[in-house]
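Structure first, commentary second.
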Amino acid sequence: MTNPKTLFDKIWDSHVVVDEDGAPTVLYIDLHLVHEVTSPQAFSGLRERGLRVRRPDRTVATMDHSTPTTGLELPMFDAQAARQLDQLAQNCRDFGVPLYDMDSPERGIVHVIGPELGLTQPGKTIVCGDSHTSTHGAFGALAFGIGTSEVEHVLATQCLLQYRPQTFLVNFDGQLAPGVAAKDMILALIAQIGIAGGNGHVFEYAGPAVRNLSMEGRMTLCNMSIEGGARAGMVAPDETTFEYVAGRPHAPQGQDWEKALAAWRALPSDDGAQYDRSMTIDAGKLEPMITYGTNPGMGMPISQPVPDPAGDSDVTRRASLEKALRYMELQPGRPLLGHKIDVVFLGSCTNSRLSDLREAARLIRGRKVAAGVRMLVVPGSENVRRQAEAEGLDRVFVEAGAEWRNAGCSMCIAMNGDQLAPGQYAVSTSNRNFEGRQGPGGRTFLASPLTAVASAVNGQVTDPRTLLTVSGDRHFQSAGHL
Amino acid sequence: MKPFTTLTSAVVPLPYNDVDTDQIIPASYLKVTTKQGLSQGLFARWRYVSEGKPDPDFPLNQQKYQGAQILLAGDNFGCGSSREHAPWALLGYGFRAVISTSFADIFRNNALKNGLLPVALAPQAHKQLLAQVQANPAATVTIDLRSQTITLPDGQQTAFPIDSFSKTCLLQGVDQLGYLLKQMRRIEEYEEVRELKN
């Protein structure tokens with residue numbers, strides 16, 4: 001018998017085109033997703049060299065980063081962003097790349113529409129000029145973010161030059177408690193290993209708590225792999241995966257479906273497969289998580305106090321944490337619970353899918369966003385928006401006093417005018433709390449959709465479990481599936 | 001791509017860990033369609049106290065560091081977003097190398113493809129270098145890519161790792177796409193075997 005292989009090994013090995021001594025592997029890419037911000041210079045490169053897009057049939061483009069989330073019919077307020085969108089449209093026309101543009105009913109955040117349209121499938125290699133491409137690993141695909149030079153490489157050759165990364169198994173034992181979600185799992189992992197903890201590795205998430213997650217929860221988990229330093233995170237495909245993919249517009253049909261299914265069932269890691277590293281987290285002991293600092297590794301269980309840098313013997317590390325707390329204007333040793341907030345952002349490629357919106361709506365129904373707090377709800381795609389509206393979720397949010405928006409990256413990256421004012425505090429369901437990420441001088445607490453809603457209602461950082469107890473809502477027994 | 005062989009330069013210290021690409025170049029500077037003009041946005045949130053007004057405390061704004069082509073940062077430089085605008089902005093400003101103890105994977109890949117050399121030093125050597133350049137801002141280091149060594153201001157030599165493929169590309173100033181394009185026949189064969197033809 002051949003050596004037992006991991007899920008990663010199987011996908012990597014089946015995509016090796018050339019493996020020469022003294023050079024990185026030439027790896028075949030099955031699906032290349034493109035957006036407006038990281039592609040223009042790559043298309044210019046093709047023009048300069050007189051190259052075409054080699055496989056437009058394996059390339060899909062959308063507009064998401066700098067797009068407005070209000071008044072899509074209006075001219076964009078930002079001429080520079082508008083030019084960048086025009087450039088993408090021109091590039092897609094010139095090179096024959098399919099584009100979900102501002103008029104498309106399928107448009108949305110690239111990592112939301114890929115799965116939604118059935119483009120994301122188990123066993124595929126998937127890349128995009130965006131670090132959150134790791135999201136697609138939820139399907140048992142090998143998916144990772146690349147730079148613009150690499151975007152050009154893939155456009156020109158459908159291949160990438162890559163060194164084989166190492167593998168890192170993360171087992172989540174047990175089951176999540178009510179009020180604790182996939183977002184808390186990934187924030188807990190990153191808080192434990194640090195934001196460089198996964199550098200050079202690909203995570204595989206396994207264990208009962210991962211098996212029990214919906215596809216949307218698995219996407220949240222894989223999405224933030226990059227915040228732990230790993231370019232990719234993966235979950236072995238199972239019936240949950242197949243059920244999600246079946247019948248989607250780009251999913252295999254009929255006989256092709258049966259054939260694909262047989263191949264996908266062979267993907268999970270073999271018994272006895274070896275990982276370079278592994279660790280186990282008891283999911284049953286996890287609390288809702290929140291970040292206090294200026295990178296996603298500066299996170300803690302929501303009941304804990306802000307750590308004190310004075311105890312750190314490493315000079316640079318201490319200086320970094322001191323700088324973070326200075327920026328955040330937080331006192332070491334004090335709890336974050338009860339900290340006043342100004343804005344709540346529910347959205348981003350991490351937490352903007354239908355189940356995120358449903359869970360959030362269930363908690364906010366019959367409640368109000370606290371006076372003085374602004375809450376933005378930004379669905380991940382136009383499809384998500386329409387489905388949410390069909391279920392009346394938009395009205396629940398609006399009646400609670402939140403703003404209901406059109407799809408896009410919005411306040412996660414603050415390129416489109418949706419941003420914090422200097423000094424404001426936000427609880428955000430997005431993925432990065434870097435200085436100024438959500439607007440110059442803005443301060444971000446990363447958390448789950450439930451924590452975001454609970455904080456919006458109280459106008460201060462709030463443990464969502466306190467509201468679950470009050471409402472006695474049995475639906476929240478399932479919140480862990482998020 | 002400009003070849004990289006040797007570089008002797010003063011060093012700008014930025015002794016923070018986990019400097020992310022949102023700090024190297026904030027997203028508001030990414031609405032461009034070329035690689036030019038990004039140096040204005042380099043470290044914009046730290047470099048300016050308000051629109052266009054330099055913060056005198058930030059090293060890049062200090063006279064003693066003008067013209068330095070090497071940046072010295074803390075651990076895990078370049079984490080976060082995949083934006084290649086980060087190395088473009090650093091190069092546009094005039095940096096040719098960044099020294100740290102470690103780099104985020106995507107940033108390192110992006111830097112190497114543009115002729116910006118990421119130099120990862122052992123923590124001890126990194127600490128010594130930081131102390132030496134903080135004591136004397138005019139002190140220079142020499143990076144020799146061919147021998148993969150860096151000479152610290154005190155004369156101490158230390159080695160740094162780089163993969164041989166990237167090294168050759170940097171020394172010759174050729175980009176990596178050329179190698180991929182030469183593999184076209186193999187790529188087509190691969191597609192035939194996997195029945196991936198159009």
Side-chain angles (χ1 to χ4, degrees), chain A residues 14 17-18 22-24 26 28 30 37-38 40-41 44-45 49 51 55 57 65-66 78 80-81 83-84 87 129-131 145-150 152-153 156-161 163 165 195-196 199-200 226-227 229 231 295 297 316-317 319-320 323 413-415 432 434-437 440, chain B residues 15-23 26-28 30-35 44-46 74-76 79-88 102-107 109-114 126-127 130 163-166 168 175-177 179-181 183-184 186-187 189-191 194 196 198:
Chain A
S14 64
V17 176
V18 181
V26 177
Y28 195 79
D30 293 319
V37 176
T38 56
Q41 298 85 353
S44 300
R49 294 171 199 258
L51 295 168
R55 296 298 299 262
D57 59 323
H65 277 67
S66 58
D78 182 334
Q80 205 188 9
R83 272 200 301 278
Q84 200 177 47
Q87 185 68 55
D130 191 290
S131 59
I146 57 177
T148 299
S149 293
E150 292 178 316
E152 185 182 345
H153 293 184
T157 67
Q158 204 56 32
C159 288
L160 268 182
L161 289 166
Y163 289 102
I195 57 166
N199 280 7
I226 184 66
E227 314 316 332
R231 285 176 73 187
N295 72 53
T316 308
R317 206 166 50 210
S320 304
K323 185 177 194 307
I413 190 163
M415 285 185 76
R432 288 188 173 137
F434 296 147
E435 284 186 32
R437 168 83 177 185
Chain B
Y16 296 111
N17 290 343
D18 307 312
V19 173
D20 59 77
T21 53
D22 272 86
Q23 305 318 314
S28 52
L30 307 185
K31 298 171 197 167
V32 294
T33 53
T34 70
K35 302 176 187 180
R45 301 270 190 260
W46 292 347
D75 305 344
N76 192 36
C79 59
S81 146
S82 65
R83 61 190 70 166
E84 199 160 319
H85 309 70
W88 296 335
S102 60
F103 294 89
D105 294 336
I106 305 179
F107 176 83
N109 283 348
N110 288 342
L112 287 168
K113 288 183 174 60
N114 288 279
H126 182 270
K127 210 166 274 177
L130 180 60
D163 69 280
S164 62
F165 181 79
S166 299
T168 306
D175 73 32
Q176 302 186 2
L177 179 54
Y179 176 84
L180 265 178
L181 288 168
Q183 309 294 332
M184 204 48 80
R186 302 281 297 272
I187 297 169
E189 282 169 8
Y190 174 89
E191 287 177 326
R194 268 193 63 202
L196 299 176
N198 272 323

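Please read these numbers as outputs of a predicted model, since none were measured by experiment. In what follows, chains are A, B, ... by sequence order, proteins preceding strands, each numbered from 1.
Taking both residues in full, the closest heavy atoms of A:Gly22 and B:Ser164 are given as O-OG, 3.7 Å, listed atom of the first, atom of the second, then distance. Scanning all heavy atoms of the two residues, the minimum distance from A:Ala81 to B:Lys31 falls at CB-CD, 3.9 Å. Taking every heavy atom of both residues into account, B:Thr33 and A:Ser44 meet most closely at O-OG, 4.3 Å. Considering all non-hydrogen atoms of both residues, B:Leu181 and A:Ala156 come closest at CD2-CB, 4.5 Å. What you find for A:Gly129 and B:Ser82 is that their closest heavy atoms are C-OG, 3.5 Å. Of all heavy-atom pairs between A:Ser131 and B:Ser81, the closest is OG-CA, 3.7 Å.
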- Message: Before you tell me yes or no, could you show the steps for B:Asn109 and A:Arg231 under side-chain contact (heavy atoms from CB on, under 4.5 Å), namely the whole-Å CA-CA distance, both residues' side-chain angles and the distance that decides it to 0.1 Å?
- Response: CA-CA 12 Å; B:Asn109 283 348; A:Arg231 285 176 73 187; 3.2 Å; yes
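Proximity to chain A involves both the backbone and the side chain of B:Phe165, based on heavy atoms less than 4.5 angstrom apart. B:Val19 does not touch chain A: none of its heavy atoms, backbone or side chain, sits under 4.5 Å away. Within the 4.5 angstrom heavy-atom criterion, atoms from both the backbone and the side chain of A:Ala196 approach chain B. If you measure heavy-atom distances from B:Tyr179 to chain A, the contacts under 4.5 Å come from the side chain alone. With a 4.5 Å cut-off on non-hydrogen atoms, B:Arg45 touches chain A through its side chain but not through its backbone. Of the atoms belonging to B:Asp75, not a single heavy atom falls under 4.5 Å from chain A.
When each of A:Ile146, A:Ile413, A:Leu161, A:Asp130 is checked for heavy-atom pairs under 4.5 Å with chain B, A:Leu161 comes out on top. For the options A:Arg432, A:Glu227, A:Arg83, A:Gln158, heavy-atom pairs under 4.5 Å to chain B are most numerous at A:Arg432. Here A:Pro24 is the residue among A:Gly297, A:Pro165, A:Pro24 with the most heavy-atom pairs under 4.5 Å with chain B. Of all the listed residues (A:Pro440, A:Ala319, A:Gly45), the one sharing the greatest number of non-hydrogen pairs under 4.5 Å with chain B is A:Pro440. With chain B as partner, the option from A:Thr38, A:Ile195, A:Val26 having the largest number of non-hydrogen pairs under 4.5 angstrom is A:Ile195. If you tally non-hydrogen atom pairs under 4.5 Å between each of B:Gly80, B:Ala104, B:Cys79, B:Pro15 and chain A, the highest count goes to B:Gly80. Chain B forms the most heavy-atom pairs under 4.5 Å with one residue out of A:Arg317, A:Gln84, A:Gln87, and that residue is A:Gln84.
In this structure a side-chain-to-backbone donor-acceptor pair under 3.5 Å is present from B:Gln23 to A:Glu435. Looking only at distances, no side-chain donor or acceptor of A:Glu150 sits under 3.5 Å from a matching main-chain atom of B:Lys113. A donor-acceptor pair is defined here as one N or O able to donate and one able to accept, closer than 3.5 Å; no such pair exists between the side chain of B:Asp105 and the backbone of A:Asn199.
At a threshold of 4.5 Å between non-hydrogen side-chain atoms, the residues B:Glu191 and A:Val17 do not count as touching. Using a 4.5 Å heavy-atom cutoff, the side chains of A:His65 and B:Leu30 are not in contact. Annotation: side chain of B:Asn17 is not in contact with side chain of A:Asn295 (no heavy-atom distance under 4.5 Å). Contact annotation: the side chain of B:Leu177 approaches that of A:Glu152 to within less than 4.5 Å [non-hydrogen atoms, C-beta and beyond]. Here the side chains of A:Ile226 and B:Ile106 are in contact, with some heavy-atom distance below 4.5 Å.
With sequence neighbours left out, the salt bridge (Lys or Arg N to Asp or Glu O under 4.0 Å) criterion links A:Asp30 to A:Arg58, B:Arg194. Annotation: ring-ring contact (aromatic ring centres under 6.0 Å, His included) contacts of B:His85 (sequence neighbours excluded): B:Trp88.
Once rounded to the nearest 0.5 Å, the distance linking CG of A:Leu160 with CD of B:Gln176 reads 10.5 Å.
Side chains of A:Ser149 and B:Glu84: a donor on one and an acceptor on the other come within 3.5 Å.
Atom NZ of B:Lys127 sits in a sparse spot, with 12 or fewer heavy atoms from other residues, nucleotides or ligands closer than 6.0 Å.
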